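Only a predicted model underlies this, so the values are computations on that prediction, with no experimental measurement involved.
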Amino acid sequence: MALAEQDSSPGELAELLGLKPSTITRFIDKLEKSELCKRKTEGKKVRVSISIKGNKLLNKIHQSWKKLFNDYNELYGEKEADKLNKLLV
């Protein structure tokens, strides 16, 4: 989801997610292999962006998350659902 807004460098993603750059590189390799992100090289700089396939998956995740929130909102009420949502996010 960190790539949903704009493309970023691996270093920016590492800082945003609180992970080591080497860890981010491995994640990017796996996401790129699954065609969920694209890596672009601009000179010595590398930029990573979400792919069309990645955006489609992200939309499904958001829809599922919204459905889950609505379901437990109905079960527990808005106040308790908000508490649970804050714990989960």
*Asks:* I need the full list of salt bridge (charged side-chain N to carboxylate O under 4.0 Å, His left out) pairs touching residues 61-73, with sequence neighbours left out, sorted by first then second residue.
*Replies:*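 Applying salt bridge (charged side-chain N to carboxylate O under 4.0 Å, His left out) to every pair that reaches into residues 61-73, excluding sequence neighbours, yields Lys67-Asp71.
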
*Asks:* Could you tell me whether a side-chain N or O of Ser9 sits under 3.5 Å from a main-chain N or O of Arg47, the two making a donor and an acceptor?
*Replies:*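 The answer is no, because no donor-acceptor pair under 3.5 Å joins these two groups.
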
*Asks:* Give the minimum heavy-atom separation between Cys37 and Val48, together with the two atoms involved.
*Replies:*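 Shortest heavy-atom separation between Cys37 and Val48 comes out as SG-CG1, 4.0 Å.
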
*Asks:* Taking C-beta and beyond as the side chain, do Asp82 and Phe69 meet within less than 4.5 Å on heavy atoms?
*Replies:*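 The answer is yes, as the side chains (C-beta and beyond) meet within the 4.5 Å cut-off.
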
*Asks:* Other residues, nucleotides and ligands only: do more than 12 of their heavy atoms fall within 6.0 Å of CD1 on Ile52?
*Replies:*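 Counting other residues, nucleotides and ligands, CD1 of Ile52 stays at 12 neighbours or fewer.
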
*Asks:* Donor-acceptor check, side chain of Ser34 to backbone of Lys30, threshold 3.5 angstrom: yes or no?
*Replies:*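 Yes; at least one donor-acceptor contact below 3.5 Å.
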
*Asks:* State, yes or no, whether a side-chain contact exists between Ile28 and Arg39 at a heavy-atom distance under 4.5 Å.
*Replies:*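 In contact.
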
*Asks:* Using a strict cut-off of less than 4.0 Å between a Lys/Arg side-chain nitrogen and an Asp/Glu carboxylate oxygen, indicate whether Asp7 and Lys38 qualify as a salt bridge.
*Replies:*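 Lys38 and Asp7: not salt-bridged.
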
*Asks:* Indicate yes or no: does Glu42 engage Lys45 in a salt bridge with an N to O separation below 4.0 Å.
*Replies:*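 So Glu42 does not pair with Lys45 through a salt bridge.
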
*Asks:* Is it true that atom CZ of Phe27 has more than 12 heavy atoms of other residues, nucleotides or ligands lying nearer than 6.0 Å?
*Replies:*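 It does not: Phe27 CZ has 12 such atoms or fewer within range.
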
*Asks:* When you compare the side chain of Leu57 with that of Leu36, does any pair of heavy atoms fall below 4.5 Å?
*Replies:*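 Touching, per the 4.5 Å side-chain cut-off.
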
*Asks:* Any side-chain heavy-atom pair from Ser8 and Leu16 closer than 4.5 angstrom?
*Replies:*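 With C-beta onward as the side chain, the pair stays apart.
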
*Asks:* Got a sec: does the NZ of Lys53 have more than 12 other heavy atoms crowding it under 6.0 Å?
*Replies:*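 Yes, NZ of Lys53 has more than 12 neighbouring heavy atoms, counting only those of other groups under 6.0 Å.
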
